[in-house]
Amino acid sequence: MNERVPISYLTPDGERHAVEAVAGDTVMSTALANHIPGILANCGGAEMCATCHVYVEQDFVNQLPEMDDEEDGLLGFTASERQPTSRLSCQLVVTHELAGLEVRIPEAQV
Amino acid sequence: MTPQRRVVVIGTGHAGFGVASSLIQLGKARVVLIGEEPGLPYQRPPLSKGILAGSTTREQIAFRPGPFYEHECLELVSGDPAVGIDRVNTTVLLASGAEVPYDALVLATGARARSLPVPGCDLDGVMLLRSADDARALAERLPDVASLVVIGGGFIGLEVAAVARHRGVAVTVVEVLPRLMSRAVSTEIAGFYADAHRRWGTRLLLEDGVEAFEGETGAVSGVRTAAGRRLAADLVLVGVGVTPDCTLAQECGLAVDDGVLVDERLTTTDERIFAIGDCARFVSPWGTASTLRLESVQNATDQAASLARRLSGLGVGPYCDVPWFWSDQGDLKLQIAGITSGADQVVLRGDPQTRSFTALCFRGDRFLGGESVNAMADHLSIRRMLGAGPHAASPSAAEFADPAFDLRTHAITGGAT
């Protein structure tokens with residue numbers, strides 16, 4: 001419980017923010033807790049908006065929880081272009097297996 | 001350099017927290033965030049959903065963990081409510097006697113759940129649901145409840161009814177109007193939800209009100225209705241709407257009329273004081289009235305973001321973001337885009353039998369918005385479409401209703417082919 005997992009966020013200005021995430025938290029809530037700019041999460045993680053969009057580093061794509069229909073639908077409406085590595089960070093729960101995860105934050109969320 | 005401009009925010013809900021966190025991120029102001037409840041500011045939607053169902057904890061619904069508030073430009077004052085505003089000296093008075101000076105003041109005081117002033121309303125077991133404490137009290141009792149009576153067929157009442165019914169509680173919903181959710185949705189959607197709740201085993205009593213709550217030992221045991229019914233109840237949830245909290249605004253002489261009155265820049269009749277979220281009645285081009293007061297996360301969050309940019313000296317136009325709402329009842333996800341009340345024509349896209357469809361609402365030729373059930377793509381398309389403005393051209397009712405009509409492509413291309 002409460003295991004720390006190193007993950008990092010790459011912001012559009014090219015800056016890399018390394019943080020210690022708590023296993024069980026989401027990639028979205030971890031960003032908010034650490035003042036990482038660019039992840040808005042307007043709906044608070046209710047899977048109702050698409051303002052916590054991230055691009056996941058290729059190596060980790062297959063280790064992530066599967067995408068549900070809602071997330072897939074929402075990703076059709078992101079402000080920055082959807083790519084094959086696009087996910088909503090509110091749906092990505094941090095686990096030990098994701099140590100070293102890197103996500104890129106898109107230019108725009110709204 | 002630390003910014004000197006001091007913005008004081010009263011209220012720690014989605015609006016108050018939102019404006020404070022955006023201001024901190026923009027870096028042009030110091031913020032004092034004042035809340036009446038102790039503890040960390042939290043999100044409200046899970047109160048009638050995950051918290052009640054026991055699948056979500058109080059810690060999980062905090063907007064941010066404690067260390068977030070250690071920011072040098074942010075001060076959180078919790079459990080010490082604001083009790084007065086001195087507009088001449090530009091200070092806020094707290095219950096503790098402390099005075100907090102402001103350069104700009106944001107009222108995000110929200111709304112209070114209405115109670116029903118009928119005999120027996122003070123009985124133990126007659127409850128409201130607005131705060132985390134309310135939700136916790138309700139969740140603690142629910143496992144021991146055999147029969148729940150919900151007063152009011154709105155979002156809150158119906159969400160609680162669905163959760164309780166799912167746990168095997170006998171549930172009766174009493175609604176004074178002829179249909180459910182009459183403020184929020186069309187007759188078509190209301191009828192669909194009435195059927196769904198009945199199928200889940202909830203008893204719906206429409207066009208009936210409460211005469212009295214009954215109980216002998218200080219605890220509620222039943223409800224007597226206006227139509228003369230006697231309903232057994234070991235728990236009653238009163239979900240009959242909210243009243244905007246305008247007390248501070250009124251006492252300091254700001255204009256108030258079912259909400260703190262603000263212009264399209266969210267400014268009150270005092271140019272240093274702003275109001276956002278559930279407590280604000282704002283000038284809006286949406287819907288069919290000239291002003292709106294909305295009780296929603298979207299409204300609170302988007303007004304907060306808009307005001308934070310304005311208070312940070314960024315160019316900001318009038319506030320006119322697309323309103324949207326949601327309600328989770330059982331396995332049905334209701335999503336509304338636009339202000340659909342006042343519609344005189346409703347067409348359905350999709351078949352309610354499939355439990356995935358959208359009601360499209362028009363007034364004359366004007367498209368007001370859509371109410372979607374388990375139809376995320378429709379909802380998002382409509383939100384995107386409405387983004388062109390409240391009076392923008394839209395597909396006709398016939399086009400909308402045609403299942404072959406590609407709503408998403410239309411939304412994304414703005415109708416250009």
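Just the heavy atoms: all of them, side chains too, but no hydrogens, waters or symmetry mates, feed the values below. A, B, ... follow the sequence lines: proteins, then strands. Residue 1 opens every chain.
- Within residues 373-387 of chain B, the residues having any heavy atom closer than 4.5 Å to a heavy atom of chain A are B:Met376, B:Ala377, B:Leu380, B:Ser381, B:Arg383, B:Arg384, listed by residue number.
- Scanning residues 323-340 of chain B against chain A with a 4.5 Å heavy-atom cutoff picks out B:Trp324, B:Trp326, B:Asp328, B:Lys333, B:Gln335, ordered by number.
- The shortest distance between side-chain heavy atoms of A:Asn42 and B:Val297 does not fall below 4.5 Å.
- Counting non-hydrogen atoms of other residues, nucleotides and ligands closer than 6.0 Å to CD of A:Glu20 gives a total above 12.
- Residues of residues 63-80 of chain A lying under 4.5 angstrom from chain B, judged on non-hydrogen atoms, are A:Glu70, A:Gly73, A:Leu74, A:Gly76, A:Phe77, A:Thr78 by number.
- For a heavy-atom cut-off of 4.5 Å, chain B lies close to no residue in residues 85-103 of chain A.
- Between B:Phe68 and A:His35, the ring planes lie parallel to each other; the angle is under 30°, not in the 30° to 60° tilted range.
- The candidate from B:Gln60, B:Gln25, B:Arg408 with the greatest count of non-hydrogen atom pairs under 4.5 Å with chain A is B:Arg408.
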